[in-house]
Amino acid sequence: MVAAGKLATYRLPPLPTIGEIIKLFNLRAERQMSQNFLLDLRLTDKIVRKAGNIKNAYVCEVGPGPGGITRSILNAGAEELLVVEKDTRFLPGLQMLAEAAPGRVKIVHGDIMTYKMERAFPKNLKRNWEDDPPNVHVIGNLPFSVSTPLIVKWLESVANRSGPFVYGRTQLTLTFQKEVAEVDVGVVHFTPLVQPQISQPFKLVEKVVRSVFNFRRKYCRRGVEILFPEAQRLQLTERMLCSADVNPTLRPTELSIIQFKNLCDAYRTLCDENPELFNYDFREELRMKRKSPKETFAEEESSYEN
Ligand code: SAM
């Protein structure tokens with residue numbers, strides 16, 4: 001009886017459907033902002049269930065839009081929900097939801113790329129990194145164009161234990177969409193590990209992974225090459241792949257985490273021998289070459305962008 005009563009306090013009172021909210025506030029999805037909305041509450045409930053048990057949890061939802069996932073988070077019993085939305089058009093609809101769940105919803109009109117989550121939740125939620133994850137979750141359905149830079153930023157925050165990770169190993173539940181209007185979204189749940197699998201500075205790991213994936217359909221050797229200036233390219237590529245014991249004809253998607261770890265460790269050794277190496281930027285070299293009117297680099301450029 002008690003449990004049922006408690007649950008009843010979590011459940012939202014009857015509200016207009018998300019479709020009605022969209023009509024009521026004239027919330028057309030902006031194609032140029034890659035917006036699309038999840039209208040089916042069974043689907044949003046399913047996404048939220050991927051976060052695990054969020055009863056009494058403190059949740060930050062990124063990009064709530066008209067509020068489908070927002071409702072599911074509230075119905076799942078979140079204690080406090082902070083929503084960060086960039087587009088002002090959604091604020092009145094979100095305000096309506098906030099009134100239906102008194103004291104549980106905070107609305108932030110802002111950009112999640114710059115929003116400081118460090119002070120968003122009470123300090124007493126903080127856990128040591130080695131402990132179980134804190135009672136804090138980040139959930140969101142963002143366009144691909146935002147979720148990719150955001151996840152890179154958050155991976156760096158994991159390494160620095162900043163942003164959402166000042167509370168400890170905060171869990172993220174994010175959807176990834178390939179195309180606008182593709183309703184069949186993929187949901188990824190992240191829990192930071194206590195120990196990173198690659199013990200190198202984030203910037204180094206990012207540089208190696210980014211370079212290798214620059215040519216995702218080519219042999220991994222092609223991506224490793226762009227870590228090095230032209231004069232030493234062949235020799236250092238060979239050395240790096242050899243000491244990492246990685247077959248140069250594997251594709252980036254075929255490499256395991258261990259192989260990426262070995263590549264990062266091998267690159268680190270080369271950078272320790274020649275500290276200038278880490279500052280080498282293939283894109284910069286490409287830009288300089290582009291400025292040179294005499295030469296044509298069409299071939300290099302097209303493979304680079306491939
Ligand atoms: N969560 C809603 C849903 O599932 O129906 C809306 C999803 S829509 C794909 C993405 C939402 O993220 C939009 O409401 C958009 O305005 C918002 N958004 C996009 N970039 C953002 C940013 N940098 N910061 C905060 N919100 C953002």
Side-chain angles (χ1 to χ4, degrees), residues 144-145 147-161 165 172 174 176 178 186 188 190-292 294-306:
F144 204 70
S145 58
S147 45
T148 308
L150 188 62
I151 201 72
V152 173
K153 180 183 151 80
W154 279 343
L155 287 176
E156 185 163 19
S157 303
V158 169
N160 301 332
R161 303 183 189 177
F165 308 99
L172 312 176
L174 304 172
F176 288 87
K178 289 194 202 103
V188 185
F190 300 82
T191 309
L193 297 173
V194 173
Q195 290 292 339
Q197 302 222 43
I198 305 178
S199 298
Q200 294 293 352
F202 178 82
K203 292 283 183 210
L204 185 145
V205 178
E206 188 197 10
K207 189 173 180 190
V208 171
V209 174
R210 219 183 252 282
S211 300
V212 171
F213 273 97
N214 239 315
F215 305 98
R216 49 180 312 124
R217 287 189 293 271
K218 305 211 164 167
Y219 292 156
C220 67
R221 184 188 57 222
R222 184 70 192 92
V224 171
E225 280 174 5
I226 65 170
L227 287 165
F228 306 112
E230 224 170 310
Q232 301 156 286
R233 192 161 286 159
L234 289 182
Q235 182 219 346
L236 293 184
T237 300
E238 175 82 27
R239 255 190 80 191
M240 179 162 151
L241 287 164
C242 195
S243 64
D245 195 20
V246 168
N247 175 347
T249 62
L250 287 174
R251 317 266 168 192
T253 48
E254 293 171 331
L255 295 176
S256 65
I257 298 277
I258 299 288
Q259 284 168 319
F260 272 109
K261 175 195 178 305
N262 292 347
L263 286 172
C264 291
D265 291 345
Y267 182 59
R268 172 66 188 263
T269 305
L270 295 174
C271 291
D272 285 346
E273 280 174 20
N274 174 7
E276 275 304 296
L277 208 52
F278 188 70
N279 297 328
Y280 171 70
D281 182 354
F282 174 77
R283 283 169 178 267
E284 190 54 39
E285 188 174 278
L286 210 61
R287 268 194 292 275
M288 298 295 280
K289 283 182 176 176
R290 270 189 188 143
K291 283 188 190 152
S292 165
K294 287 198 184 133
E295 299 172 76
T296 73
F297 294 94
E299 199 187 321
E300 203 163 345
E301 222 174 300
S302 64
S303 63
Y304 175 67
E305 278 158 8
N306 186 356

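All values derive from a computational prediction rather than experimental measurement. Throughout, numbering of the chain's residues begins at 1 and tracks the sequence.
Note on ring orientation: taking the six-membered ring where Trp is involved, the planes of Phe213 and Phe260 are parallel (angle under 30°, cut-offs 30° and 60°).
Atoms CG and CG, from Leu241 and Asn262 in turn, are 11.0 Å apart once rounded to the nearest 0.5 Å. Expressed to the nearest 0.5 Å, how far CD of Glu225 lies from CG of Leu227 amounts to 10.0 Å. If you take CG on Leu270 and CZ on Phe228, they are separated by 5.0 Å, rounding to the nearest 0.5 Å. Distance check, rounded to the nearest 0.5 Å: OG of Ser211 to CG of Asp281 gives 9.0 Å. Atom OG1 of Thr237 is separated from atom CD of Gln232 by 10.0 Å, given to the nearest 0.5 angstrom. Distance check: Met240 CE to Gln235 CD gives 14.0 Å after rounding to the nearest 0.5 Å.
Counting only distance, with no hydrogens or angles, the side chain of Lys261 and the backbone of Gln197 share no donor-acceptor pair below 3.5 Å. For Gln259 (side chain) and Ser256 (main-chain N/O), a donor-acceptor pair under 3.5 Å exists by modelled atom type.
Side-chain contact between Asn214 and Phe282 is absent, with no heavy-atom pair separated by less than 4.5 Å. The side-chain heavy atoms of Leu236 and Leu277, taken from C-beta on, include a pair separated by under 4.5 Å. In this structure, Pro248 and Glu238 have side chains that are not in contact, with every pair of non-hydrogen atoms separated by 4.5 Å or more. Contact of the Asn274 side chain with the Tyr280 side chain is not registered, since no non-hydrogen atoms from C-beta on lie closer than 4.5 Å. The closest side-chain heavy-atom distance from Cys220 to Val246 is below 4.5 Å. Counting heavy atoms from C-beta outward, Phe165 and Leu172 have side chains that approach closer than 4.5 Å. Counting heavy atoms from C-beta on, the side chains of Val224 and Tyr219 never come closer than 4.5 Å. Two residues are said to be in side-chain contact when any heavy atoms from C-beta on lie closer than 4.5 Å; Ile198 and Leu204 fail this criterion.
Considering every non-hydrogen atom in both Gly223 and Ile226, the closest pair reads O-CG1, 3.1 Å. Looking at every heavy atom in both residues, Arg268 comes nearest to Pro201 through NH1-CD, 3.6 Å. The minimum heavy-atom distance linking Phe202 with Ala159 is given by the pair CB-CB, 4.0 Å. Of all the heavy atoms in Gln200 and Cys264, the pair that sits closest is CG-CB, 4.2 Å.
By the 4.0 Å N-to-carboxylate-O rule, Glu284 lies close enough to Arg287 to be salt-bridged with it.
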### Message
One pair to check against side chain to side chain contact (heavy atoms under 4.5 Å, CB included): Glu254 and Asn247. What are the steps and the verdict?
### Response
CA-CA 10 Å; Glu254 293 171 331; Asn247 175 347; over 6 Å; no
### Task
Start with the C-alpha gap between Phe190 and Leu174, add the side-chain angles, then the distance that decides, and say whether side chain to side chain contact (heavy atoms under 4.5 Å, CB included) holds.
CA-CA 8 Å; Phe190 300 82; Leu174 304 172; 4.2 Å; yes
